[in-house]
Structures are given as structure tokens and as C-alpha cells.
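The next block holds one structure in the form of C-alpha cells; read it before the comments.
Please read these numbers as outputs of a predicted model, since none were measured by experiment. Here is the naming used below: chain letters follow the sequence lines, and residue numbers restart at 1 for every chain. As a basis for the values below, the full set of heavy atoms in this structure was taken, side chains included, without hydrogen atoms, waters or symmetry mates.
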2 protein chains.
Amino acid sequence: MVNRRKPIPLYLQLKEEILEKIKKEKWTIDSQIPTEKELMESYNVGRATVREAVSILVNEGYIYKKKGIGTFVARKNPTYGFEPLISLTYSLKARGIRAYNKVVEKDKIHIDQLLLDKLKWTSTKECYYLKRLRYVENTPIAIEHSYFDETFKKIDKEYDLTTSLAKIIIEDLNVNIDRVEQVIVPRKPKDMEKLELNLEDDKLILDLERWIYINNNPEPFYYLKFVIPSDIYNYPF
Amino acid sequence: MVNRRKPIPLYLQLKEEILEKIKKEKWTIDSQIPTEKELMESYNVGRATVREAVSILVNEGYIYKKKGIGTFVARKNPTYGFEPLISLTYSLKARGIRAYNKVVEKDKIHIDQLLLDKLKWTSTKECYYLKRLRYVENTPIAIEHSYFDETFKKIDKEYDLTTSLAKIIIEDLNVNIDRVEQVIVPRKPKDMEKLELNLEDDKLILDLERWIYINNNPEPFYYLKFVIPSDIYNYPF
DNA sequence: AAGTGGTCTAGACCACAAC
DNA sequence: TTGTGGTCTAGACCACTTT
């Protein structure tokens, strides 16, 4: 029960109450939790208090809402913090930020020795290139260069390339991810990149390269390069 | 100006208004923006509307609040999503989640050939080991093994090891980060890890290894291994 | 039509920091 | 003491989904 005499805000107490019900499986995954009205009445608090408590749990990934329907349990355990290792789209979504991806280029390409090394491939094979610009609030936040093996044919045919590629790989492609390698290196941007990312003159960028290995294949099926403005060194702790 | 006849919620319109003032440097970095009361009066909206708009911008990292003082501009440009590539603490904080780190072990250690390879060092030198458990809401979310070169003596002496190591490295240590390498591999947990992370029986974990290179040194000064419960395959996209 | 969450207002009291 | 953001209430109207 919530207690007004405690020095802890009501919405935090209520949040803990709800969380406990989820942890103890009184409310199970994908089942609906009480409506805002019901929570107001059960705990004798105002609607703002209920909404504050609920919104924290939504933010932390425990519950989700469906407009016009209700609020539901998403998960019993937290998945804190490692989302960005998997998906930029997801990590933005977790912060309530809508991202938009624009396909700039899509091609089957020829591979030379240099690219072969980049891709960590030992022999020449089919290679598909996808270039996307990633936007948040109409501001470009990254240039993304993707290189796929023939797996791309399926992706291109069946999925929407403006959404999260990680989602497609993890959820829909039905593959086992064996290994993800990643290298981040800061450097000066090229003129073209300055233009695409709307960069000020002296600003550095980051090269983020990623290789994904699946299905026991010794070579990666997917090579990704992000070009990102580097404000990384002055973020507000 | 905000407009009630538009189909866009007032708080989103107000958010855009504030953001524009920041982007166009009408309100500059670290300067105070109008108080909630002033914003209510300027835009003829209620306090909840103002607080909603402001809280989004806080979440996105544009502004920050000081209790009892006011609200201030943090940055002009977005830095969405990439900070967490370096700092777990940051990525949690961005979602309004407080993390707690507990130092389990701290030692100067002997290096054998196996470890030397792991660390990507070519010759033996001083090596300091730090093991921490990382908690959120009293739930352990990761086991962290850190290996430092002699740089650690300064860190250990001058800083609080229960805070963000990334913050210390980036902000306080005054080094240039040249390169960050990272490998993620899923595997079955050891019994000890099951215990420390409170794992259910069939759950996989992720090994996340990270090497950080600084100051043009060809060898990393810092090797990190995270052991993380893996909910990757059921992300709520 | 009924029920849900989404948006919004007006007002209140509080804890905190600065003067 | 004053002003700030933090918490909380009661009430209103809306858009959305299901019946």
C-alpha cells in the first residue's frame, strides 16, 4: 500500500507496487494491468500520480500501452542499458525518440581486394550495398553504409528498409547470431560527410564499424559502417 | 507561437518552440531558460503542458534542471544514442534510471600468456584488476571485469570507483581515445555467474569485451569484460 | 455506446537553493 | 523570505478501439 506519511513521493511508491506485482507474476506477461481509473481508486491517488508511475515503468521497458485499449505487462526482468549494442532504432525508441531512416543508395556491387579486407571475407561473392541516412527530428544523426552477402535478397524483397535492420535480423530472419565485432575510431569528416550531417567546421566524427557473424559461418554476413557526429566527448553526466 | 487549432498537441508545439530558440542560440548553452511560470504566461498554457514539453527536452539531452534554481540549456545539437556505446551509466541515466556499482575485488595481478593475449599486450607490465557488480533497482544487471595498465594507480587514488569509469576516462583523465574495439559473443553462464546475476536456468548470457586505446599507444590501456544476461532475442521492438 | 489512454487546465502545497 | 522546480488533486474534453 502507498503511504502519504512516508517521505517517498506517491508516484514512486505506486511504481514499486506495480513493479512488485509484475515481478511476483501477479500480473503476467502480455496480460492487461488495471486501468488508470482502477489504479486511482485502488490506491486513492490522482490520475497524474498514476500516469507518472506508469510512464516510468513504460520507460524502463516493463510495461507498454495500447491507445484506446489499456496497459500491458511487457517483461518481468529489466534489459537495461545494452540496447544500443544491438540497435540504434531501439535505443532511441527506449528514450521516446522517433527515428527516421532514408534509403539513399541500394546496389549490387563489385568487390575489390580493399573491400574484401574490410568485409573480412576470404573470397569474392555476391555483395549488396545499402546506404541510409538516419534522422531524428529532421536532423541527420548518422550515415550508414551496409554490406550484405546474398542474404540481402530476402531482406530487400520482403522487408521495409526504412525500419530497423537489427529488428529484421533478430526477429524475422531466424538466424543465430554467433558474434558481433565492433570498432570505433574518431576522425575528421570528409567534405561530403560535413554536408550530409550538417556539421560545423571543427567537429570530429566517429567511424563505427560492425561485423555480424551468424549460423556458424566463419565469415560475417553483414558489415556495417556508421559515420556519426562526435559530441561524445562532452556529454552531460 | 503555439496554436490550439492545429492537430498537434500543445506540449509538442511548445517543445519545438523551445528547441528552436536553443538551435538559433536565442538561448545559449548553460544560460537559464524562462521559468515554468514564465513559459505558462508567454504561451498561455497550463503548467502540465510546460512540464511535458520541458521533460521531453531534458530526456533528449538538450536542457537540464537544477532543483530550486531553474532550467538551463545543455546543448545545441543532439547527441542521440551513441554515448551508451561507451558508458553504461550514461545510457541508464538517459532513461532516468539510477545505477549502483559495487566493487567486489581490486588487485594488482600477475599476467600469464593467456591474459596477455586477451589484453592485446605484447609485453608484460603492471596490471590492475577491478571487478564490479552493476545494479539497477537492486537487481544485478552485469558483472564487470576491468584490467588496467599503470594508469589505474591515478584512477584508484583520485576517483570513486563506484561511479562511471567511462566518465573518468573521458572527462577527467585528459586522454585522447584513439580507438575502441568490442566483441560480443553469446554463451552459457557458469554456475558462479548464474548465482551472481540471479539467472534462471536456461538463460544465455553475453560476453562483451572491450579494448580502449589512448594517446597513440599501439596497445590498449584498458580491457573490459561485461557478463550480461541476454534478453536479446525477445526485445520488444 | 462505452471504455481506454492522451491532452489540458487551475489550483494547491512542498522541498530546495539563494539572498 | 522569495522563487524555483517537484508533487499532487479534481476535473474536463479528446481520439482511439472494441462491442
For A:Glu36 and for B:Leu10, find the nucleotide of DNA chain C with the closest heavy atom, then tell me which residue's nucleotide is more 5'.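 Result of the comparison: A:Glu36.
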Using the rule given for salt bridge (charged side-chain N to carboxylate O under 4.0 Å, His left out), can you reason through A:Glu144 versus A:Lys131, listing the C-alpha separation, both sets of side-chain angles and the distance that settles it, and then say yes or no? CA-CA 6 Å; A:Glu144 183 197 68; A:Lys131 177 176 173 182; over 6 Å; no
Ignoring backbone atoms, establish whether [X] has a side-chain N or O less than 4.0 Å from OP1 or OP2 of [N].
{"X": "B:Lys65", "N": "D:dG6", "result": "yes"}
{"X": "A:Thr49", "N": "D:dT7", "result": "no"}
{"X": "A:Thr35", "N": "C:dG3", "result": "no"}
{"X": "A:Thr71", "N": "C:dG5", "result": "yes"}

Protein-nucleotide distance ([X], atom [atom1]; [N], atom [atom2]), rounded to Å:
{"X": "B:Leu14", "N": "C:dT9", "atom1": "CG", "atom2": "P", "result": "10 Å"}
{"X": "B:Leu39", "N": "D:dG3", "atom1": "CG", "atom2": "C1'", "result": "15 Å"}
{"X": "B:Lys6", "N": "C:dT7", "atom1": "NZ", "atom2": "P", "result": "16 Å"}
{"X": "B:Arg47", "N": "C:dC13", "atom1": "CZ", "atom2": "C1'", "result": "11 Å"}
{"X": "A:Ile69", "N": "D:dA15", "atom1": "CD1", "atom2": "C1'", "result": "13 Å"}
{"X": "B:Ile33", "N": "D:dT4", "atom1": "CD1", "atom2": "C1'", "result": "12 Å"}
{"X": "A:Tyr43", "N": "D:dC8", "atom1": "OH", "atom2": "P", "result": "15 Å"}
{"X": "A:Tyr11", "N": "C:dC13", "atom1": "OH", "atom2": "P", "result": "21 Å"}

Verdict with supporting geometry, A:Arg187 and A:Glu193, salt bridge (charged side-chain N to carboxylate O under 4.0 Å, His left out): CA-CA 12 Å; A:Arg187 66 170 168 86; A:Glu193 291 164 338; 3.0 Å; yes
Below 30° counts as parallel, above 60° as perpendicular, anything between as tilted: where do the rings of B:Tyr100 and B:Tyr135 land? tilted
Applying a 4.0 Å non-hydrogen cut-off, can you work out what B:Val45 is touching in the nucleic acid: base, sugar-phosphate, or nothing? sugar-phosphate
Under 4.0 Å between any heavy atoms, over every strand shown, what does A:Gly68 touch: base, sugar-phosphate, or nothing? Just pick one.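 It contacts base atoms.
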Mind listing the closest non-hydrogen atom pair of B:Thr28 and B:Val73 along with its distance? O-CB, 3.3 Å
Residue pair B:Thr151 / B:Tyr222, side-chain donor-acceptor N/O under 3.5 Å: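 Absent: no donor and acceptor within the cut-off.
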Can you work out whether B:Glu38 or A:Asn44 has the more 5'-proximal nearest nucleotide on DNA chain D? B:Glu38
Can you identify which nucleotide, out of D:dT9, C:dC8, C:dG6, has its nearest atom closest to the B:Arg4 side chain? C:dC8
Taking donor-acceptor contacts at under 3.5 Å, does the side chain of B:Arg51 reach the base of D:dT7?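 Such a pair does not exist between side chain and base.
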